[in-house]
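Scope of the values below: all heavy atoms of this structure, side chains included, with no hydrogens, waters or symmetry mates. Just so it is clear: chains get the letters A, B, ... in the order the sequence lines come, proteins before strands, and each one is counted from 1.
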Amino acid sequence: MLSKSFFDRPAPEVSRDLIGATLLHEGVGGAIVEVEAYDEADPASHSFAGPTPRNRVMFGPPGHAYVYKIYGIHYCLNFVCRPGSAVLIRALEPVFGLETMRERRGAMPDKNLCSGPGKLAQALAIDLTQNGLALDAPPFEIGAAEMGHDIATGTRIGITKGVETPWRFVKAGSPFLSKPLPKATREL
DNA sequence: CACAAGATTGCCT
DNA sequence: GGCAATCTTGTGG
């Protein structure tokens, strides 16, 4: 179980350590295989322009969930790190509550149940209800990653500013990513 | 397989 | 009024 101090570090560092960690919401979830880091000095970040009603949780204490609605339709789940920074959870390898996830997502290959931030939120039933909740207590349960897998980094997806910042972290070669990594810029 | 477009809401300019 | 850390469906090759 990850404690709040785990998140009291720079977002890229937390991102790296989250690959392979287990994320459950009400017992449904799996292994994190893709995340992105954002911080206050980053023009792509919601926190770049300072606190607003939507992003205020990003400026609160580490170890809480920041959930926002995007494109009016989907939800995205983040883990707040140091104030103004967070990690966007982009993809999971679905492991627990597979039947529940299939019902929520509709007919599709299991590898696409959680292969993107909006899909993941739908599969785990994440919405604004969870915004601001602590990550070290129910309904969340987050388990530390096992060591030994390869981590690759690349540029982030879906943004128009800060496009060169290599703060996308993935489990190398995972079939559960939102998109394959174009080119591994670095292996850790 | 690749690409294009629509859905739909809140926030900022 | 425009755009956003996205997904699905439809078209064409």
In the 5' to 3' direction, the nucleotides of DNA chain C bounding the stretch that comes under 4.0 Å of a heavy atom in chain A are C:dA4 to C:dT8

Roughly how many Å is it from CG in A:Asp127 to C1' in B:dT8, rounded to a whole number?
16 Å

A:Tyr71 OH to B:dC11 P, in whole Å, measures 16 Å

Donor-acceptor check, side chain of A:Asn78 to backbone of A:Tyr66, threshold 3.5 angstrom: yes or no?
yes

Distance-only, no hydrogens or angles: does the A:Arg105 side chain make a donor-acceptor pair with backbone N or O of A:Leu113 under 3.5 Å?
yes

Electrostatic pair A:Asp150-A:Lys171, nearest N-O below 4.0 angstrom:
no

Please work out if A:Ile73 contacts a base, only the sugar-phosphate, or nothing of the nucleic acid, heavy-atom cut-off 4.0 Å.
base

In chain order, what residues pass the side-chain hydrogen bond (donor to acceptor under 3.5 Å, both in side chains) check against A:Ser15, with sequence neighbours excluded?
none

What contact category does A:Ser178 fall into here, base, sugar-phosphate, or nothing, at under 4.0 angstrom with non-hydrogen atoms?
nothing

Check the distance between B:dG10's P and A:Arg56's CZ and give it to me in whole angstrom.
15 Å

Short side-chain to backbone donor-acceptor contact, A:Asp39 and A:Gly84, under 3.5 Å:
no

Tell me whether A:Asp136 contacts the main-chain N or O of A:Ser3 through its side chain, where contact means a donor paired with an acceptor under 3.5 Å.
no

Using the side-chain contact (heavy atoms from CB on, under 4.5 Å) definition, which of the options A:Pro12, A:Ser85, A:Ser45 pairs with A:Tyr38?
A:Ser45

Does A:His25 have any ring-ring contact (aromatic ring centres under 6.0 Å, His included) partners at least two apart in sequence or in another chain, and if so, which?
A:Phe140

Does the A:Glu36 side chain pair with the main chain of A:Ile157, one donor and one acceptor, at a distance under 3.5 Å?
yes

Could you check A:Gln122 against A:Gly158 and say which one's nearest nucleotide on DNA chain C is further toward the 5' end?
A:Gly158

Which of these nucleotides, B:dC11, B:dA7, B:dT9, is closest to any side-chain atom of A:Lys69?
B:dT9

Less than 4.5 Å apart, any side-chain heavy atom of A:Arg168 and any of A:Ser178?
yes

Dot-bracket line, read 5' to 3' along DNA chain C, where crossing pairs take [ ] and | marks a partner on another strand, Watson-Crick or G-U under 3.5 Å
||||.|||||||.

Mind running a 4.0 Å heavy-atom check of residues 104-120 of chain A against DNA chain C and sending the residues that fall below it, in number order?
A:Arg105, A:Met108, A:Gly116, A:Pro117, A:Gly118, A:Lys119

Those residues that, when tested against A:Phe176, pass ring-ring contact (aromatic ring centres under 6.0 Å, His included) (two or more places apart)
none

Within the 4.0 Å heavy-atom criterion, would you say A:Arg54 contacts the bases, only the backbone, or no part of the nucleic acid?
sugar-phosphate

Give A:Leu88 one of three labels, base, sugar-phosphate or nothing, depending on what nucleic acid heavy atoms sit under 4.0 Å from its own.
base

